[in-house]
Structures are given as C-alpha cells and as structure tokens.
Number of protein chains: 2
Amino acid sequence: MDPRTQSRFEARARILKAMAHPTRLLILDELSREARCVGHLQEIVGADVSTVSRHLAILSEAGLVTRSRRGNQVLCTLTVPCVMNFFSCIETVLQTAARQSIDLVG
Amino acid sequence: MDPRTQSRFEARARILKAMAHPTRLLILDELSREARCVGHLQEIVGADVSTVSRHLAILSEAGLVTRSRRGNQVLCTLTVPCVMNFFSCIETVLQTAARQSIDLVG
DNA sequence: TGCGTATTTGCCAAATTAGCCAAAATGCGT
DNA sequence: ACGCATTTTGGCTAATTTGGCAAATACGCA
C-alpha cells in the first residue's frame, strides 16, 4: 500500500483511538459545553485525579484538547468542536443495530 | 454518574474503538466506495486473511459492517455510510495540530 | 462423496492500555 | 521559604489488543 495513504490512516486512527474510551468521551462532551479545569472534570468522571489527568494527556496529545495553566489550575478546552457532530452518526449506527435485532426477534 | 449516561458513552466508545485502527479505517474507506468480499479486502490490506477476517468481525460486531454469504465468499457492506463524513472533521483536527506546530516553530 | 477455494476460529507471544497509589511538580498566598 | 491546593508522573499489575500460523469450517462443483 502507498505509504502516504498508510500514514494518513494511521493519523486518523490515532485520533479515533484517543476518543474511543467512555471516560474520554464524557470529558469531550463536557468540554463541548464549556472549558473546564481538571478538578471539575474529575468530579464528573468520578475516578482518581491521576487517571483523569492521564486521559487528558491522551486527548491533548491527539490534538483534541488544549491545556493551559490558569494559576493554580489547568484549564482544558476543546480544540475542534466539530468532533461532537459525529455522534449523530454514531447514534444512527446504534439505532440501525437495534432495529436489526428487533427484526431478528420479531 | 447516571448509569444511563454511562452506558450511552460506553456504546459510543465501542463504535469508535472498532474504527480506531488503521487497517479497519482502510477497510471502511474501501467499503464506502463499494461492497467487497474478504479476499478483495485482504489484497488491499496486505495482511494475513485471518487477520483481515478478525478486523471484519470487529467491524461487524460494532454494527458498522454487514457480512453476507455470496456462495463461496462473504460480501462485506458498510451499514452506515455516514461514518466516513467524520473524516472531514478529523482532518480539521490534524490541520489544527499542524498549524499549532508551525506557530511554535515560526 | 471428495476436492479446491474462501473464510473463520483456536492458540500463542508481544505490545499496549487502564487504573490506582505514592511521590514529584507547579503555582498561589503568607 | 513554607504550607496548601492542583495537577502530573513513576511504578506496578491486570486486562485487552494485535497478528500470524495452523486447523477447522462453509460452499460450489465434479
């Protein structure tokens, strides 16, 4: 395969991989409404702060979230808001799957 | 956290996780153009057939691809074409990241 | 039934991921 | 400089993912 094509798919996969975790999706969802500091996100997520910090590092590395110091704390911002649009499509996938299950049963 | 919210994010994450692999993205990309059998996809991917079959199983389980027997072979179809739309947004993420790198250097 | 082609599954080793605790940073206020 | 609040990193373990080979399965055809 064309190595350029190869690396384009790898780049895309890296971003999807960064999103592909319930906690990280929750974080993205929250940040799509408003920029938040790590502590706030931790409350929502309900896991160890270190865990949340690691998730944020992953999102940051993928370019989805930007972290900036605000004195004592770190403010997290969604860099590319459009990522949330994808979920309307995702829902379609889920609904299609559900409908097919119903078809099988009925 | 609300368990209903929890499981909604888990469902979304499962789908993203299924997409989050270069080979599987390549397969989805190919299928977005035309339905293909496993052997054809294997040629494009260039990995062991068993590996491709496993990737297809993952995509199928996520509800992204449907597999149906056509005599000797298995035809793979993209169930929800809109998944490919996401990539325009992904490209935005990549470009934003690239632009920021340039800003840092320049 | 037996053969050849197409696809899936069992099994295994290597690599990656996720989560927590403890420890280190980072920055504010005194 | 010191204590306090906030965030990140080191180190560890358990679980998951990936990929290939070999074996099994599914199907069409003679």
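Residue numbers begin at 1 in each chain, while the letters A, B, ... track the order of the sequences.
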Residue pairs fulfilling side chain to side chain donor-acceptor pair (under 3.5 Å) with at least one residue in [range], sequence neighbours excluded:
| range | answer |
| --- | --- |
| residues 41-51 of chain A | D48(A)-S50(A) |
| residues 4-20 of chain A | D2(A)-T5(A), Q6(A)-E10(A), R12(A)-E91(B) |
| residues 72-90 of chain A | none |

Open item on the list: Once you apply a heavy-atom cut-off of 4.0 Å, does A57(B) come out as touching a base, just sugar-phosphate, or nothing?
Closed with: nothing

Any residue meeting salt bridge (Lys or Arg N to Asp or Glu O under 4.0 Å) with [X], in chain and number order, not counting sequence neighbours:
| X | value |
| --- | --- |
| E34(B) | R36(B) |
| R33(A) | D29(A), E30(A) |
| R24(A) | none |

How many Å lie between [atom1] on [X] and [atom2] on [N], as a whole number?
| X | N | atom1 | atom2 | value |
| --- | --- | --- | --- | --- |
| R14(B) | dT17(C) | CZ | C1' | 18 Å |
| E61(A) | dT16(C) | CD | C1' | 14 Å |
| L41(B) | dT8(C) | CG | P | 10 Å |
| L56(B) | dG19(D) | CG | C1' | 15 Å |
| L25(A) | dA18(C) | CG | C1' | 15 Å |
| R54(A) | dA25(C) | CZ | C1' | 14 Å |
| Q42(B) | dC21(D) | CD | P | 11 Å |
| R70(A) | dC28(C) | CZ | P | 12 Å |

Hey, what are the protein-to-nucleotides 16-18 of chain D N/O distances that come in under 3.5 Å?
from: dT17(D); atom 1: OP1; to: K17(B); atom 2: NZ; distance (Å): 3.0
from: dT18(D); atom 1: OP1; to: R24(B); atom 2: NH2; distance (Å): 3.3
from: dT18(D); atom 1: OP2; to: R24(B); atom 2: NH1; distance (Å): 3.4

Provide a list of protein-nucleic acid N or O atom pairs under 3.5 angstrom, restricted to nucleotides 5-7 of chain C.
from: dT5(C); atom 1: O2; to: N72(B); atom 2: OD1; distance (Å): 3.3
from: dT7(C); atom 1: OP1; to: V38(B); atom 2: N; distance (Å): 3.2
from: dT7(C); atom 1: OP1; to: V74(B); atom 2: N; distance (Å): 3.1
from: dT7(C); atom 1: OP2; to: G39(B); atom 2: N; distance (Å): 2.7

Task: T92(B): side chain to side chain contact (heavy atoms under 4.5 Å, CB included) partners, not counting sequence neighbours - done: V80(A), T96(B)

- [ ] With DNA chain C as reference, determine whether S50(A) or G71(A) sits nearer its 5' end, using the nearest nucleotide of each.
- [x] S50(A)

Open item on the list: Give me each pair satisfying disulfide bond (SG atoms under 2.5 Å apart) with a member in residues 1-86 of chain B, each pair once, sequence neighbours excluded.
Closed with: C89(A)-C82(B)

Open item on the list: Could you work out how much the helix from dT1(C)-dA30(D) to dT30(C)-dA1(D) bends, comparing the axis of its first five pairs with that of its last five, to 10°?
Closed with: 20°

- [ ] Can you sort out the partners of F86(A) under ring-ring contact (aromatic ring centres under 6.0 Å, His included), two or more places apart, ordered by chain and number?
- [x] F86(B)

Open item on the list: Let's go through F87(A) and L25(A) carefully: what are the C-alpha distance in whole Å and the side-chain angles of both, what is the deciding distance for side-chain contact (heavy atoms from CB on, under 4.5 Å) to 0.1 Å, and is it a yes or a no?
Closed with: CA-CA 10 Å; F87(A) 289 120; L25(A) 287 180; 3.4 Å; yes

Task: CA sep, side-chain torsions, deciding dist, call: L41(B), L26(B), side-chain contact (heavy atoms from CB on, under 4.5 Å) - done: CA-CA 9 Å; L41(B) 294 170; L26(B) 179 59; over 6 Å; no

